[in-house]
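Count residues from 1 along the sequence.
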Amino acid sequence: IDRTTTGKGPVKDLTLAQIRGFNLRHKGEVTTERVPTLEEVFKLIKGKRIYVDLDVKMDSLASYTKIAHLIKQYKIEDQIIVFSYDNNEIEPMHKMFPHVSVMPRVRSFSEIQNVTKYDFINIIHIDENCYDDQLMQMLNKKKKRIWMNTLGKYDDLEKEGQNGFQSFFRTYPNVNVVQTDLAVQLIEFLKDKGLNN
């Protein structure tokens, strides 16, 4: 919580009331905004062109059940991506979230092979070490979206005026979903290059 708010310590050690008492930080600066609940976020995004990547770091099945209920309650199934670190979770997650995109993270070519057997997987988080142009083209032909990050190296280059996004897309030309801290700059870059699809 230290990275994004004025508070300190792990989220699991704090109550909701304590967390709600902290201010959010943006680009290192303290804002007047407070940490929203997941339900408040769902109310805010409903009906808008916003996708939420749920990076759930809980082992409790009850927590997943509550999240699934909220998604269904707000009818935002088509606006949610549930991130999976463990490919053994894919089938249980799909059962729990049948109308939500499950995005597995793959760290090897064998894991890519494993996740592509699921017809319902339409987006895959690819690690840099298993990016291969021909394989990514094949995944794109199968209507699989390829997600990678520019966080860190490429965002830093972009901030320094060193063409971080250009370098990223030269290195990973078949990526079609990007996670970045520089969303506005990325949108402008894509528009300039005619790549804003």
Side-chain angles (χ1 to χ4, degrees), residues 3-4 24-29 33 36 38 41-42 44-57 71 76-87 89-90 93-94 97 100-109 111-116 118 120-197:
R3 183 176 62 87
T4 55
L24 286 170
R25 295 180 183 274
H26 179 66
K27 296 183 179 179
E29 298 295 319
E33 301 294 328
L38 192 58
V41 171
F42 286 174
L44 184 68
I45 69 161
K46 183 175 169 56
K48 297 185 175 77
R49 287 189 62 200
I50 297 172
Y51 284 96
V52 172
D53 167 27
L54 282 180
D55 187 347
V56 182
K57 293 183 169 74
I71 291 169
I76 53 171
E77 290 91 342
D78 59 347
Q79 292 179 257
I80 303 294
I81 298 168
V82 179
F83 186 61
S84 170
Y85 289 95
D86 181 350
N87 291 331
E89 294 175 344
I90 292 172
M93 276 189 166
H94 180 61
F97 303 97
V100 170
S101 291
V102 174
M103 179 176 65
R105 178 177 182 177
V106 295
R107 299 165 189 86
S108 67
F109 294 112
E111 284 188 350
I112 292 174
Q113 210 169 20
N114 181 49
V115 303
T116 54
Y118 298 107
F120 58 84
I121 296 290
N122 55 25
I123 183 167
I124 303 169
H125 183 294
I126 302 284
D127 276 10
E128 292 177 7
N129 67 313
C130 61
Y131 180 93
D132 173 81
D133 274 337
Q134 286 185 317
L135 180 56
M136 298 306 115
Q137 286 170 16
M138 181 270 293
L139 291 175
N140 281 329
K141 283 179 185 167
K142 290 185 172 185
K143 308 284 189 222
K144 308 288 185 191
R145 306 283 295 199
I146 310 299
W147 169 301
M148 286 184 73
N149 294 320
T150 60
L151 303 173
K153 175 183 174 182
Y154 295 102
D155 274 7
D156 290 346
L157 286 171
E158 191 67 26
K159 286 179 200 170
E160 294 162 8
Q162 301 292 318
N163 300 318
F165 293 140
Q166 186 170 325
S167 178
F168 175 82
F169 285 107
R170 190 179 301 127
T171 308
Y172 307 109
N174 294 292
V175 169
N176 47 31
V177 181
V178 177
Q179 180 174 345
T180 179
D181 281 339
L182 306 174
V184 173
Q185 294 93 318
L186 176 61
I187 290 166
E188 289 306 313
F189 171 82
L190 294 174
K191 282 180 182 173
D192 288 347
K193 300 294 180 189
L195 301 169
N196 54 332
N197 292 327

Would a line drawn from the ring center of H94 to the ring center of Y118 be shorter than 6.0 Å?
no

F169 and F165 aromatic centres sub-6.0 Å:
no

Compare every heavy atom of [Y] with every heavy atom of [X], then report the nearest pair and how far apart it is.
{"X": "M136", "Y": "N174", "value": "CB-CB, 3.6 Å"}
{"X": "I123", "Y": "P104", "value": "O-CD, 3.4 Å"}
{"X": "D155", "Y": "D181", "value": "OD2-N, 2.8 Å"}
{"X": "M103", "Y": "H125", "value": "CG-N, 3.7 Å"}
{"X": "V102", "Y": "I121", "value": "O-CD1, 3.4 Å"}
{"X": "R107", "Y": "C130", "value": "C-SG, 3.8 Å"}

How far does [atom1] of [X] sit from [atom2] of [Y], to the nearest 0.5 angstrom?
{"X": "F189", "Y": "N163", "atom1": "CZ", "atom2": "CG", "result": "8.0 Å"}
{"X": "D127", "Y": "M148", "atom1": "CG", "atom2": "CE", "result": "7.5 Å"}
{"X": "L44", "Y": "I50", "atom1": "CG", "atom2": "CD1", "result": "6.0 Å"}

Between [X] and [Y] (side chain of the first, backbone of the second, donor and acceptor by atom type, cut-off under 3.5 Å), is there such a pair?
{"X": "D132", "Y": "L135", "value": "yes"}
{"X": "E158", "Y": "Q185", "value": "no"}
{"X": "R145", "Y": "N176", "value": "yes"}
{"X": "T116", "Y": "Q113", "value": "yes"}

Contact between [X] and [Y] at the side-chain level, heavy atoms closer than 4.5 Å - yes or no?
{"X": "T150", "Y": "L186", "result": "no"}
{"X": "F120", "Y": "I90", "result": "yes"}
{"X": "I112", "Y": "L139", "result": "yes"}
{"X": "I126", "Y": "V175", "result": "no"}
{"X": "K153", "Y": "F168", "result": "no"}
{"X": "I71", "Y": "L54", "result": "yes"}
{"X": "K143", "Y": "N122", "result": "no"}
{"X": "D53", "Y": "W147", "result": "yes"}

Can you confirm whether the side chains of D133 and Y131 place a donor and an acceptor under 3.5 Å from each other?
yes

Between N149 and Y154: side-chain donor-acceptor atoms closer than 3.5 Å
no

Does atom [atom1] ([X]) have a neighbourhood of more than 12 heavy atoms from anything else shown, all under 6.0 Å?
{"X": "K46", "atom1": "NZ", "answer": "yes"}
{"X": "F109", "atom1": "CZ", "answer": "yes"}
{"X": "Q137", "atom1": "CD", "answer": "yes"}
{"X": "K48", "atom1": "NZ", "answer": "yes"}

